[in-house]
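Below, read A as the first sequence line, B as the second, and so on, with proteins coming before strands; counting in each chain starts at 1. All heavy atoms count here, side chains included; hydrogens, waters and symmetry mates do not.
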Amino acid sequence: MFRKVLVANRGEIAVRVTRTLHEMGIGVVAVYSDVDRASLHVRMADEAERLGPAPSSESYLRIDRILEAARKHGAEAIHPGYGFLSENAEFAEACEQAGLVFIGPSPDSIRALGSKTAARENAVRAGTPVVPGTAGGVNLDEARAFGRAHGYPVLLKAVAGGGGKGMRRVDREAELESALRDASSEAERAFRNPEIYLEKWIDRPRHIEIQILGDRHGNMVHLGERECSIQRRHQKVIEESPSPLIAEHPEMREAMGAAAIAAARAAGYYNAGTVEFLVDPGRRFYFLEVNTRLQVEHPVTELVTGLDLVRLQVEIAAGARLPFRQEDITWRGSALECRVYAEDPYNNFLPYPGKITRLERPLGPGIRLDACVYEGWTVPMEYDPLLAKLVVWAGTRDDAVARMIRALNEYEVGGIRTNLGFFRQIFEDREFRAGHLHTAFIDEFFARPHQLEIPSDLAAVAALAAALESTAHTFTAAPPSGKGASRWVIAGREELLR
Amino acid sequence: MFRKVLVANRGEIAVRVTRTLHEMGIGVVAVYSDVDRASLHVRMADEAERLGPAPSSESYLRIDRILEAARKHGAEAIHPGYGFLSENAEFAEACEQAGLVFIGPSPDSIRALGSKTAARENAVRAGTPVVPGTAGGVNLDEARAFGRAHGYPVLLKAVAGGGGKGMRRVDREAELESALRDASSEAERAFRNPEIYLEKWIDRPRHIEIQILGDRHGNMVHLGERECSIQRRHQKVIEESPSPLIAEHPEMREAMGAAAIAAARAAGYYNAGTVEFLVDPGRRFYFLEVNTRLQVEHPVTELVTGLDLVRLQVEIAAGARLPFRQEDITWRGSALECRVYAEDPYNNFLPYPGKITRLERPLGPGIRLDACVYEGWTVPMEYDPLLAKLVVWAGTRDDAVARMIRALNEYEVGGIRTNLGFFRQIFEDREFRAGHLHTAFIDEFFARPHQLEIPSDLAAVAALAAALESTAHTFTAAPPSGKGASRWVIAGREELLR
Amino acid sequence: MKLNLNVNGKREEIEILTPAPACRFRLNGSSERMADVTMPEPGLYSILLDGRSYDVQVERAPQHLIVVLRGHRFEIEVEDPRRWSRQSARGSGGAVETVAAPMPGKVVRVLVAPGDAVEPGQGVLVVEAMKMQNEMKAGRAGRVISVTVREGATVTAGEVLATIGEFSG
Amino acid sequence: MKLNLNVNGKREEIEILTPAPACRFRLNGSSERMADVTMPEPGLYSILLDGRSYDVQVERAPQHLIVVLRGHRFEIEVEDPRRWSRQSARGSGGAVETVAAPMPGKVVRVLVAPGDAVEPGQGVLVVEAMKMQNEMKAGRAGRVISVTVREGATVTAGEVLATIGEFSG
């Protein structure tokens, strides 16, 4: 087994990977950009190396600097996490040329599956149904042609894409040009590849994905599905396992699992991967893409299967055989995950970076919190605003939803805006509780009227607290009148907070 | 189902029960003594009522005040937690007379099993093997007689006891008198019953207990065992499930489970309970006592069985039938619990109350933290010093131990002393890892030589941090020279912490 | 002591009659109430009122207090003589439309210059944070009066980036 | 700036040559080293030294600093002119045995009075905290010089409760 591993990532996933490596007794080398010097993944690591300035292109995307850090610190393997270089075949190749083990699939598999269009071809060869779309990246004329042939709406996607970056729904030809331009530049920034391809729009589909795991000796299993239909801006915000649909139609798990393994085998895949499908209202599933790395939402699978996917990734990369066969995999209970973002859900989910002035975390039975935040930490504006993944497990989906609401009520993040309150609304929503999920869920949720009337006693208590706080402190608010102020503060405190 | 439940307890168990009640949509009424006004169980509750001054006898043991609070707030049931009035038959009876449901067994069962001596008789009738001991409470002469008949060492125990309170090992008759006096007064304070009985001392036994669960319709199952052999001062500090011994001898689980159910049935038991056994080096097990309430260490059972014992307790109290049969119960993986105390393990585990100035909690995969502490909270000196229960789950015992060490390394409590560092040593101990456990484990652990040599680089870093901290702040240390001081602070900061 | 509050836009008057912990107060001149108040941590209030327990978090924003309890968020302005001036200073710019940053971030593109004529919905500038781009559009037809930032500038939420006025013929 | 430290009883000398973040220092006159230091929170230091990462928690006790890193606890006294007096004031009381409280708590029983003769191991008084009683025993034969607390008193850890001296015949 490796003695030392470099984690080529930041944020919650770098922290999560570090935890398992520590449990395995493996030394951890962290890398960081200037704005991440005091970030948790650096503080938790055994060793750390600076990559460069804040922009990803000058830090977390710098293959040369990362390999240099690995060499300098004597790391034997590299875990790429998700995002950044995790699906970059050149990086995987460079690692192996540098004599480092890349903890993930082979460069060839990444190439065969990392490009969405190549992945589609591969899936077709493997006999997996796919959504109608263009063969590859398109220019404006080709896009227009596809739109006319298949009709609108169409979906624009980055060839190199993932996580909704560079993705746009286009409802009429008039919008095609500007949408194509924006999507392309977004893709360029996110993946350094501007290519965009088109797909036929499927109305109100479910997003259901299969977790696969294979070793380097030809063994491969699936670990069941995750439903990730609750999305905003084409990005998942709530994930769960099992899927409420598949819980009702268990035969779908075997069918989709077999299709996922077939598509992965066709690309000679090993290590952990995820095969994403769209499921239409008629329960037909279509191959969407393969994520050739650990998924953000992998914890829900860990909670229902009882496996540690990062540990298995590392063991597989070290040459181990899968410690189980398909029939050994069992699923227990129900798991839900919320992606807690620094954003304002009531203002188009716009990012809201800043300093965390206060933090109350949910604890107790059935709660797992994968986070990278601490009180006093400033959320940098240069990266994805994911603060934490709040994951719960319970024996049934209903109990898991109740537990998630309880956890959300215990969770407070001060100083910035988050989507915690929005999640509470979603979990209270009748449609969500009934398991009627699809990728347009959030848009339709906002379309429905929500008058949350606030109990009058809460307003009274809030007013009282504000009055006490302001009387105890306001005088300090005025910066100049320092000396006099402080006396006032003490007076105020003594008067109102004896 | 109940609309509102009063939790007649404090600390982590009141918080833990509150969480499940909230998940069940049940309103929670907290009760508190003056020193607990700002404690977490009060802050988390929907409603709260003061009981009285700090001493338990004037607050958490005041049956009249608790029933009055329940009436005033319209609670329909009372959850007693553990300790305090949880095993007090008079309280259970008073609840029912007041028209409140007591969430636990019947007063008769508590009487039949709550008294250790009555429980022994009951066990004998049920055909469960017991440790030789006196029939009931004894005076000095009777104690001397037993000692002469069975030889030393003997064990003194409180008839009404639990949690090691009033327990003493006596090695020779000379010590008997003072030990009996101390044990008796300790029992008087803890349980308002000074009676002490004697048992033959079994050398290096394992403490293994069976969790049972029964409804009011005559159905009863066992949820497997917990091993609680790691004790200090006759009090459990580390618990786990499965027991490493029973993992090697699975047939013991059925045998002990059957014996536990037999003993409980003989007392007409229902709701959750625990039957404790001693297991001698020859793997013979002896009935020890029955705890007629939720156990501190119940989370390890919850993690391996996937059940919520508090939810089941409440449902059973509301009249529900057990939702499963014995054959439906399955066990997955391995769970460990540490009882985190405010105490100094390197000074005879003496309590160390005080104000929590800083708190870093372990998070991530497989961690459960049931706690009642927060930064800024002052641990009261009037109650048990249990701050938190750190519980981990993993697929195997080895992985669970590795995970626990990782969690302990992430856990920091500033301002007071805790046993966190001591736990790290235990989990690194070869004997513990080998599963060679018994109730004298800690004494023998301390008897073994432990020279922990500190890596020199750590000393260097510590020195550097201390130098920076002192230069940045020492000047504030001197209370009187306020004004001048602050200028110095700023100077120091600017100089060393630009 | 009497205080005028603006609670989520609604005007309230609160009178504190006795200090914490046994805090007697009167809201909007209604009958007197008693709350048991303690402050476990700075900015955190545990309040018992009519037997109910409330854990209240109070956070200070430049213009107001943010009060969070039981998952509900209140923005409360405490009116304070020394603030009146600032109060009046704020408010809508009349016929002038201000384009403000909806989030903290970085200006990556400025699409108009002072004097340009703009149509409703026309892009004015693009702010990016966390790889997410947001195009600020003109809400009305008019002429760009000012652009107060240049590309690459870091801006805070609510900061005015440009103003658009009427066509002066 | 040079500082004399007492690290877990061992004397160390540290010289800080340049301030954080790029902190050059010398320990016990050995060769100069460079540490990258940042302070994520008050009392918390993230230190990178020779490529290794250390998360260091520093807590202030009355007489010393408590430094915790990687699960190791250091008690460090920073020698400070203004403390010398206090330093010398402390120390053992020679032929006199002091009975000190091993933990914060409450004195529930005082078993001796000044002038009493005591045997080694004889109970002197009983301190209770969190329902746990602890009997302080005399470590030597002698005569009780003083009992500085009465029953019911609340005491802090290390507080002297009684002193025992030699038999003055």
Is it true that, when you exclude B:Lys4 itself, more than 12 heavy atoms of the residues, nucleotides or ligands shown sit nearer than 6.0 Å to its NZ? yes
Of all heavy-atom pairs between C:Glu41 and B:Arg43, which one has the smallest distance, and what is that distance? OE2-NH1, 4.1 Å
Which heavy-atom pair separates B:Ala45 from C:Arg70 by the least distance, and what is that distance?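 In terms of heavy atoms, the two residues are closest at O-NH2, 4.4 Å.
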Inter-chain contacts: residues 22-29 of chain C against chain B, heavy atoms under 4.5 Å: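 Contacts with chain B: none.
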Please round to the nearest 0.5 Å and tell me the distance separating atom OG of C:Ser53 and atom CZ of B:Arg37. 6.5 Å
Does any non-hydrogen side-chain atom of C:Leu44 lie less than 4.5 Å from one of B:Tyr374?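 Not touching, per the 4.5 Å side-chain cut-off.
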Between C:Asp36 and B:Arg50, is there a salt bridge with N-O shorter than 4.0 Å? no
